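For reference, the structure discussed in these notes is given below.
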Amino acid sequence: MTDNLRPTNFIRQIIDADVASGKHSLVVTRFPPEPNGYLHIGHAKSICLNFGVARDYQGRCHLRMDDTNPAKEEQEFVDSIRADVRWLGFDWGEHAYHAADYFDQLYAWAEKLIGDGKAYVDDQSLDDLRRTRGDFTTPGTNSPFRDRSPEQNLDLFRRMRAGEFRDGSRTLRAKIDMASPNQNLRDPVMYRIRREHHDRTGDEWCIYPTYDWAHGQSDAIEGITHSLCTLEFEAHRPLYDWFLENIGTPHRPRQIEFARLNLTYTMMSKRHLGTLVQEGHVSSWDDPRMPTIAGLRRRGYTPEAIRLFCDRIGVAKADSMVEVELLENTLRELLNAQAPRALCVHRPLKLTIENWDQDKTVEIDADTRKLPFTKEIFIEHDDFMEAPEKGFKRLSPGKEVRLRHAYIVKCTGVDKTGNEITGLRGTIDPDPNASRKVGGTIHWVSAPLSAPVTLRLYDRLFRVPHPGAGETDFRTQLNPHSLEVLEGARIEPALRDCKPGDRFQFERKGYYCADAKDSRPGAPVFNLIVPLRDTWKK
RNA sequence: UGGGGCGUCGCCAAACGGUAAGGCAGCAGGCUCUGACCCUGCCAUUUGUAGGUUCGAUUCCUACCGCCCCAACCA
């Protein structure tokens, strides 16, 4: 494993070369989310890349809200984005920005382009634009308004800005090449008229810049050296460069594209995740089944685990689909080393110790805490089989097993109502140090001295590895068993007063986290983060 | 179909002309008061295919095949 080494990937190699050649003395990156939804594990990859690069090269990474489209953006999302990036362990220092901060500069540059005859106001409708853009094989055709004079364009553009024209009636377009094989260069729209209230700029503007017109310029303004984005923007790079070249900024950021993260059994579409929330398939953006940072956090994932996972998946240009098992393994690896152990019986089955006095309680030393042992204890229902199948190493009539941290117990009787097992009887070997080999070790809690607890057993949100693939409606592929709530579970008394957010390994079961929102003093609610590996195939 | 990318083990991913890292998954053992963890071994004679250059090619060249992205006044 190379976890302690600096990650190496093609982007860092480019940066290494830029630093070595003296092209840049300070590396500046940025993470530019659009505040229209919650961040997910895919964003975490980009965050770790951008902030990780800044950290390792002693540069800096800006957090920039890409808020050029006022219709879709909300403060709730801005707040959640900041919280999530911080929680992941990254710090943008003083460098928190909004694309909206640059609207004035962008406007000034637009006038410059108009003055240079490199942009024009087009009166065509959205429909016209679509029709004249051509298609993959057919070149587009020039707008009848393409050759207006700079003076006329300037006048029109200023009137656009002043609010003289109705929404959607005109656009400002870059004058590049309607016949370009790269459709992004067929006179792309720079401004559209849209009377929307903007969270940042209020009603100051009725024209808003498009992504293409805003992004590279924002990078230039901030002195970004390496503008890292996902593969779908690759064809936009010539346009990114064209704008920078033609407005003549002294600073030229370089756009580099990498493959976005895809994870099996979930999905990364902010829009689709929003649908799950809106339609009530999950409780909220931070539902522990969601692949959002907020969801993973609430589920019990640690920032370290997400960062290590992002290091392990690497950064490359090939489209990829990472198996969710890698994420789970990373969490298990870290929590195995960190999480205190505890005993929790999920589905209690009462076992009465016949050779133990009714009122006797012994406090057994179990590593860091005491476990009270009493005449009646609970064991896991699954840990008993009246007619054990081959390979079953747990309790069955006449057989012995070890009670974790405690005694060896032998099952001497089964109480049933009809076919239902309602309780067991057994006898213990009173020697706590008895060391003979027994079938196995099972967990248990005292019946009277354990605490009732609610367990939320989470499973993958979708039943299929690639939800939404092809024509399929992802809603039909939801896993109906993604959440099972166990109300009757019992935990050892020491855990009754754990704090929200505390993580434990419930031995032989899995890693759990006390839910940050629903746990109450004395009554924690535990979320299953990930089960332990189980090689006992049944 | 035009343009832009990408194809190395089931899934990620190194290798930068010198003879295929590592992780995950899987399989087989060992250890064990967690069927967990841990440990050991196995897991690409071969890098989409076919040619070519070279003493030598995953790395260079050619052709072909496959997959992804682009026809929002989204990002």
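These figures come from a predicted structure and were not determined experimentally. Note: hydrogens, waters and symmetry copies are ignored here, and every other heavy atom, side chains too, is used. Naming convention: chains lettered A, B, ... in sequence-line order (proteins, then strands); numbering from 1 in each chain.
Put simply, A:Phe136 does not rest on the base of B:U1: the two rings are not both less than 5.5 Å apart at their centres and under 30° in tilt. Put simply, A:Tyr211 does not rest on the base of B:A75: the two rings are not both less than 5.5 Å apart at their centres and under 30° in tilt.
Across all strands, A:Gly391 comes closer than 4.0 Å to base atoms (heavy-atom distances). At the heavy-atom level, A:Leu129 lies under 4.0 Å from base atoms of the strands shown. At a threshold of 4.0 angstrom between heavy atoms, the contacts of A:Gln124 include nucleobase atoms, whether or not backbone atoms are also involved. Here A:Thr171 lies in heavy-atom contact (under 4.0 Å) with a base. When heavy atoms are screened at a 4.0 angstrom cut-off, A:Ile313 is found touching the sugar-phosphate backbone but no base atom. Residue contacts shown for A:Arg194 are limited to sugar-phosphate atoms, with no base heavy atom under 4.0 Å away.
By the rule that a glycosidic angle within 90° of 0 means syn, B:A15 does not qualify and counts as anti.
Side-chain N/O atoms of A:Glu257 and base N/O atoms of B:G5 include no donor-acceptor pair closer than 3.5 Å. Side-chain atoms of A:Arg394 come within donor-acceptor range of the base of B:G35, with a qualifying N/O pair under 3.5 Å. On a pure distance criterion of 3.5 Å, no polar donor-acceptor pair joins the side chain of A:His443 and the base of B:A36.
Using the Watson-Crick or G-U wobble rule with both distances under 3.5 Å, B:A28 pairs with B:U40. When Watson-Crick and G-U wobble pairs are counted only if both distances are under 3.5 Å, B:C67 pairs with B:G5. If you check B:U59 for Watson-Crick or wobble pairing at under 3.5 angstrom, you find it has no partner at all.
Nearest nucleotide to the A:Arg533 side chain, out of B:G26, B:A75, B:G3: B:G26. Listed nucleotides B:C6, B:A71, B:G35 differ in distance to A:Ala318; the shortest reach to its side chain belongs to B:C6. The side chain of A:Pro181 sits closest to B:G3 out of B:G3, B:G35, B:A25. Counting only heavy atoms from C-beta on, A:Asp66 has its side chain closest to B:A75 among B:A15, B:A75, B:C37. Here the side chain of A:Ala316 is nearest to one of B:C73, B:A75, B:A13, namely B:A13. Closest to the side chain of A:Thr137, from the set B:G4, B:A25, B:G2, is B:G2. When distances run from any side-chain atom of A:Asp319 to the nucleotides B:A25, B:G5, B:A13, the shortest one goes to B:G5. Set against B:G35, B:G5, B:A75, the side chain of A:Glu34 has B:A75 as its closest nucleotide. Across B:G5, B:C33, B:A36, the shortest atom-to-atom separation from the side chain of A:Arg341 is found for B:A36. Among the nucleotides B:A71, B:C73, B:G23, the one closest to any side-chain atom of A:Arg312 is B:G23.
Within a 6.0 Å sphere centred on NZ of A:Lys175, other residues, nucleotides and ligands contribute more than 12 heavy atoms. Within a 6.0 Å sphere centred on CZ of A:Arg161, heavy atoms belonging to other residues, nucleotides or ligands number more than 12.
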_Set out, in order, the CA-CA distance, both residues' side-chain angles and the distance that settles salt bridge (charged side-chain N to carboxylate O under 4.0 Å, His left out) for A:Asp122 and A:Arg146, then state yes or no._
CA-CA 7 Å; A:Asp122 195 341; A:Arg146 196 173 197 261; over 6 Å; no

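Within the cation-pi definition used here (under 6.0 Å to the ring centroid, within 45° of the axis), A:Arg460 qualifies as a partner of A:Tyr265. Taking the centre and axis of the six-membered ring of A:Tyr120, the NZ or CZ atom of A:Arg148 falls outside the cone set by 45° and 6.0 Å.
Rounded to an integer number of Å, the gap from A:Leu263 CG to B:C11 P is 15 Å.
At the phosphate of B:C74, OP1 or OP2 sits under 4.0 Å from a side-chain N or O atom of A:Arg192. For B:A71, neither phosphate oxygen OP1 nor OP2 lies less than 4.0 angstrom from any side-chain nitrogen or oxygen of A:Thr138. Phosphate proximity of B:A25 to A:Asn329: present, with a side-chain N or O under 4.0 Å from OP1 or OP2.
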Please table the atom pairs, donor to acceptor, closer than 3.5 Å between any side-chain atom in residues 314-326 of chain A and protein atoms at least two apart or in another chain.
| residue | atom | partner | partner atom | Å |
| --- | --- | --- | --- | --- |
| A:Lys317 | NZ | A:Glu234 | OE2 | 2.3 |

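In this structure, A:Phe103 and A:Glu204 have side chains that are not in contact, with every pair of non-hydrogen atoms separated by 4.5 Å or more.
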